[in-house]
Amino acid sequence: MEISQRVATTAPSSTLAISAKAKQMKKDGKKIIIFSAGEPDFNTPDAVKKIAIKAIKENYTRYTPTAGNQELIIAISKKFREDNDLNYSPSQIVVGNGAKQIIFNALQTVCNPGDEVIIPTPYWVSYPEQVRLAGAIPVYVELEFEKEFKIDPEKLKRAINPKKTKAIILNTPHNPTGGVFSKKDLEKIAQVVENIPMLVISDEIYEEFVYETPHISFASLTKDLYKKTLTVNGTSKTYGMTGWRIGYAGGPENIIQAMIKTQSHSTSCASSISQRAAFGALNLPKQEVKNWIKEFSQRRKLIEKKIREIKGVKVNRTKGAFYVFPDFTEFLRTSCGEKQIKNSLDLANYLLEEAGVAVVPGSAFGLENYLRFSYTLPPEEIKEGLEKIKQAIDKLRS
Ligand SMILES: Cc1ncc(COP(=O)(O)O)c(C=O)c1O
């Protein structure tokens, strides 16, 4: 039986593929330093685990309402109000199986065949595939290294087709570049989209991971933006809870209610136990999260310093998430013995085999010549990994 054209033409998630290859090599006994993970290395807090265990013991194991458990929805509404200056009533909130599924759900809910969805590039790997799976067409707006990967309002204007543009996906703090859009940057985007009837999907999953510029929610800027923005977040990154699969969104009531309808026929609801755990996470003292962020900020400085020590590699000063996205253009179209390095995928494979270091090629995010490094590993490993990369890069000849 043939699979649908829609799915046959969907690329598998290449970030997951590289991590899987590196993990396999590790299992086979090789020492591999993994810079390719998309998740924090700290564990889910014990207090959260205890709440989940209690939920199981108390038989909190049945379907919850499709939109999510009421106590969790109220906690999310409070979080949006206190952290993001956003007033979403419970009927404007939906809980799903991770921010990934929330965005998938939103695109399924709003897109008609042939609609266009604007995606700034480089992008998080799943956006274009999710747009295509919803029958829509991704339209790319390139972000430039020289402009710190900020959105150029003129380029954005040119990408909008008043008859076809249905949505734009914004992401700040940004995966893969580690950039953060300041209030000024967001205002520039706002001026372009303000009078155009389109949905803004604002993916704020890394909101706590900011080191210099505070995180601003796009929807909080003006009343008009509030009415046209779906604010997406979740517990995965902030609380070391990627496996629990809890994401959520606040937004216009008609969109949220339609998303709940879509969810009722797909996943029914997020795991009841994970919802209890997420409720516990949202009630944790803020200090716990702040300590992790301090640690990440130190690692960020270290990794940028070590990357700058590799002659010929350019790297921006990053401001958020836990990624850096250096430019390796100088080392493409080179070779080491029989090994030809034609593109970022060849370079990532070369570094995995030669240096025992896993990174993600820029091509996975729609931008060649770059590699993405996560700093979700201890400082000693960051140092060792970058030393190994430096040695492997030294062997490349043009
Ligand atoms: C930009 C971005 N959005 C969303 C997600 C998905 O997060 P979740 O675990 O909540 O599905 C990720 C995960 O890597 C991400 O990088």
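FYI, side chains are in, hydrogens and waters are out, and symmetry mates aren't considered; it's all heavy atoms of this structure. Just so you know, ligand 1 is whichever comes first in the structure, and atom 1 is the first atom listed for that ligand.
Counting heavy atoms of neighbouring residues, nucleotides and ligands inside a 6.0 Å radius, atom NZ of K383 does not exceed 12 of them. At most 12 non-hydrogen atoms from other residues, nucleotides or ligands lie less than 6.0 angstrom from NZ of K23.
What sits closest to atom 6 (C) of ligand 1 on the protein, heavy atoms only, is W124 CH2, 3.6 Å. Regarding atom 1 (C) of ligand 1, its nearest protein heavy-atom neighbour is D203 OD2, 3.4 Å. Nearest non-hydrogen protein atom to atom 13 (C) of ligand 1 is K237 NZ, 2.7 Å.
Which parts of ligand 1 touch N171 is read off a 4.0 Å heavy-atom cut-off, strictly below it: atoms 1 (C). Of all the atoms in ligand 1, the ones that sit under 4.0 Å from a non-hydrogen atom of G98 are 10 (O), 11 (O). Applying the 4.0 Å criterion to heavy atoms of S236 picks out, from ligand 1, the atoms 8 (P), 9 (O), 10 (O).
The side-chain hydrogen bond (donor to acceptor under 3.5 Å, both in side chains) with N233 is formed by just one residue from the set E207, E204, E208; it is E207. Test Q70, Q275, R276 against T64 for side-chain hydrogen bond (donor to acceptor under 3.5 Å, both in side chains) and you get one pass: Q275.
Ranked by closest heavy atom to atom 8 (P) of ligand 1, the top entry among G247, A99, G96, G234 is A99.
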Residues 243-251 side chain polar contacts: donor-acceptor under 3.5 Å, at least two apart:
from, atom 1, to, atom 2, distance (Å)
W244, NE1, T44, OG1, 3.0
R245, NH1, T242, O, 3.0
R245, NH2, N97, O, 3.4

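Looking at ligand 1, you'll find an N or O of N175 within less than 3.5 Å of one of its N or O atoms. Polar contact with ligand 1: present for R245 (N/O pair, distance under 3.5 Å).
At a 4.0 Å cut-off, not a single heavy atom of T242 sits close enough to ligand 1 to count as contact. Taking 4.0 Å as the cut-off, Y127 counts as a neighbour of ligand 1 on heavy-atom distance.
With sequence neighbours excluded, the residues that form a ring pair (Phe, Tyr, Trp, His ring centres under 6.0 Å) with F322 are Y206, F209, F296.
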Working note: R300 + E212, criterion salt bridge (charged side-chain N to carboxylate O under 4.0 Å, His left out); need CA distance, chi angles, decisive distance, verdict.
CA-CA 12 Å; R300 172 187 65 125; E212 295 179 19; 2.9 Å; yes

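Looking at S217 and S220, their side chains never bring a donor and an acceptor atom within 3.5 Å of each other.
Residue W244 does not touch ligand 1, judged by heavy-atom distances below 4.0 Å.
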